[in-house]
2 protein chains.
Amino acid sequence: METGATKQRILDRAFHLSSLYGLEALTIGRLADDLRMSKAGVHGHFGSKQALQLATIRHAQQLFLRNIITPSEAAPDGLPRLWAMCTALTAYSMETGLHGGDFWVTVTNEYDSRTGPVRDTVEATMSGWMRRLEDLISTGIELRQLTPCDPAQLAFEIQALLDAGGHQRDLYHDPKAPARARTAIRGRLEELRGPRFPKLTE
Amino acid sequence: METGATKQRILDRAFHLSSLYGLEALTIGRLADDLRMSKAGVHGHFGSKQALQLATIRHAQQLFLRNIITPSEAAPDGLPRLWAMCTALTAYSMETGLHGGDFWVTVTNEYDSRTGPVRDTVEATMSGWMRRLEDLISTGIELRQLTPCDPAQLAFEIQALLDAGGHQRDLYHDPKAPARARTAIRGRLEELRGPRFPKLTE
DNA sequence: CCTACCGATCGGTAGG
DNA sequence: CCTACCGATCGGTAGG
């Protein structure tokens with residue numbers, strides 16, 4: 001049960017546009033124009049605008065899994081894996097074009113004060129991501145890579161810095177912002193250095 | 001040359017709505033319904049939707065100046081003043097309702113990938129705020145409150161944490177998020193403690 | 001500050 | 001996947 005090629009084209013474009021302008025500003029007409037299709041042709045693949053938004057979120061989840069999560073699983077559990085995810089996110093952001101983290105920065109900010117199924121899906125996705133960060137931190141503590149600390153607090157700080165790396169890069173057209181995020185995260189981790197603190201690449 | 005009472009009512013409501021949903025989702029019709037006015041009655045005060053957006057930004061600037069900047073000027077220059085601004089922003093966020101920082105978190109994220117006069121105004125405002133943070137950090141270093149460090153890097157980190165305090169509070173309905181931001185900022189400042197590091201209240 | 005409009009665009013539907 | 005529509009709403013204008 002594969003997704004059709006046209007539907008993939010629509011989702012790629014929807015992902016691109018909503019990474020820049022959000023899922024509320026996404027319109028079926030704009031999407032159709034970009035893809036040189038009719039509005040009904042786009043609409044028919046999803047049935048409603050909300051279904052299109054939810055499908056775009058699922059598409060973004062798949063890209064995030066493929067581009068960020070899975071590659072980082074190659075690194076050892078705990079701190080090396082956490083650091084691999086942080087470098088993947090900030091490295092991606094240092095290149096041109098659109099990448100895994102941008103969609104989520106835009107969309108979480110767009111929906112943080114809204115209600116409804118789209119918001120709920122966004123929140124659930126990000127909660128899963130935060131739990132993943134906290135688990136890696138907890139594992140890092142258990143493995144004595146890190147000094148004991150509050151995983152939720154450290155995860156909050158890392159997520160804050162990752163978000164700001166992408167956001168401030170865009171707002172100020174400052175290509176150094178992702179590197180600032182990485183520098184700050186690395187410094188914070190080294191401050192919590194435990195006896196088995198691993199070497200952090202890059 | 002005072003602003004009319006009706007115009008103030010419109011701007012208060014526009015500020016409230018755009019703090020939640022952004023300045024692009026703001027519509028003259030919705031504003032008119034909320035205020036039990038006609039669309040033309042709202043429109044006439046500004047002349048265009050863009051002028052309404054820019055006027056709402058100016059309104060938000062005034063509130064930020066009155067509620068955050070000016071009160072903090074009572075604290076001594078350098079670190080105490082920087083800390084006063086951080087506590088003001090996170091304290092406001094801990095109460096219910098809408099406050100100074102929320103508008104800017106929403107709107108900077110909304111416009112970071114857009115173009116045009118509204119985006120330019122938002123960017124200029126935030127650049128001024130970042131410069132203010134950097135100046136307070138530089139003063140703190142000169143006064144030996146802080147160890148020498150890169151003011152732009154530290155300002156980036158503080159702004160990242162302040163943003164995330166408001167944003168994650170809303171996204172996860174987590175009232176502890178602003179306190180996490182404050183804890184992280186305080187920890188970062190104490191890490192950079194200089195010989196004349198002041199006592200940080202609260 | 002209002003009523004009464006305008007053309008454009010929105011999400012969505014009928015029918016093929 | 002298309003053309004040809006629908007009612008609702010958008011920003012904006014005329015005229016008072």
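Just so we're on the same page: letters track the sequence lines, and every chain starts at 1. For the numbers below, each heavy atom of this structure counts, side chains included, while hydrogens, waters and symmetry mates do not.
- Of the residues in residues 110-121 of chain B, not one comes within less than 4.0 Å of DNA chain C through any heavy atom.
- Evaluation of the salt bridge (Lys or Arg N to Asp or Glu O under 4.0 Å) rule for A:Arg13 yields A:Asp34 as partners, not counting sequence neighbours.
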Please list, one pair per line, the donor and acceptor atoms closer than 3.5 Å that link side chains of residues 55-66 of chain A to other protein atoms, with sequence neighbours excluded.
from, atom 1, to, atom 2, distance (Å)
A:Thr56, OG1, A:Leu52, O, 2.8
A:His59, NE2, A:Asp12, OD1, 2.8
A:Gln61, NE2, A:Thr125, OG1, 2.8

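- Applying the side chain to side chain contact (heavy atoms under 4.5 Å, CB included) rule to B:Ser38 yields the partners B:Ala40; only residues at least two apart in sequence or on another chain are considered.
- Under the salt bridge (Lys or Arg N to Asp or Glu O under 4.0 Å) criterion, A:Asp120 pairs with no residue, sequence neighbours left out.
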The dot-bracket string of DNA chain C, counting Watson-Crick and G-U wobble pairs with both distances under 3.5 Å, using [ ] for crossing pairs and | for pairs to another strand, is ||||||||||||||||

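- Every residue two or more places apart in sequence or in another chain was checked for a salt bridge (Lys or Arg N to Asp or Glu O under 4.0 Å) with B:Arg131, and none qualifies.
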What are the atom names and distances for every N/O pair under 3.5 Å that joins the protein to nucleotides 8-15 of chain C?
from, atom 1, to, atom 2, distance (Å)
C:dC10, OP1, A:Thr27, OG1, 3.1
C:dG11, OP1, A:Lys49, NZ, 3.1
C:dG11, OP2, A:Ile28, N, 3.2
C:dG11, N7, A:Lys39, NZ, 3.0
C:dG11, O6, A:Lys39, NZ, 3.4
C:dG12, OP2, A:Lys49, N, 2.5

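- The CD1-C1' distance, from A:Ile10 to D:dC2, rounds to 14 Å in whole Å.
- Pairs engaging residues 74-85 of chain A under the side-chain hydrogen bond (donor to acceptor under 3.5 Å, both in side chains) rule: A:Glu73-A:Arg81 [sequence neighbours left out].
- Not counting sequence neighbours, the partners of B:Ala152 by the side chain to side chain contact (heavy atoms under 4.5 Å, CB included) test are A:Arg180, B:Glu134, B:Asp150.
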Residues 21-28 of chain A side chain polar contacts: donor-acceptor under 3.5 Å, at least two apart:
from, atom 1, to, atom 2, distance (Å)
A:Glu24, OE2, A:Tyr111, OH, 2.5
A:Thr27, OG1, A:Arg30, N, 3.1

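- Residues passing the salt bridge (Lys or Arg N to Asp or Glu O under 4.0 Å) test with B:Glu157 are B:Arg188, sequence neighbours excluded.
- With hydrogens and angles ignored, the 3.5 Å screen pairs a side-chain donor or acceptor of A:Arg119 with a backbone N or O of B:Leu171.
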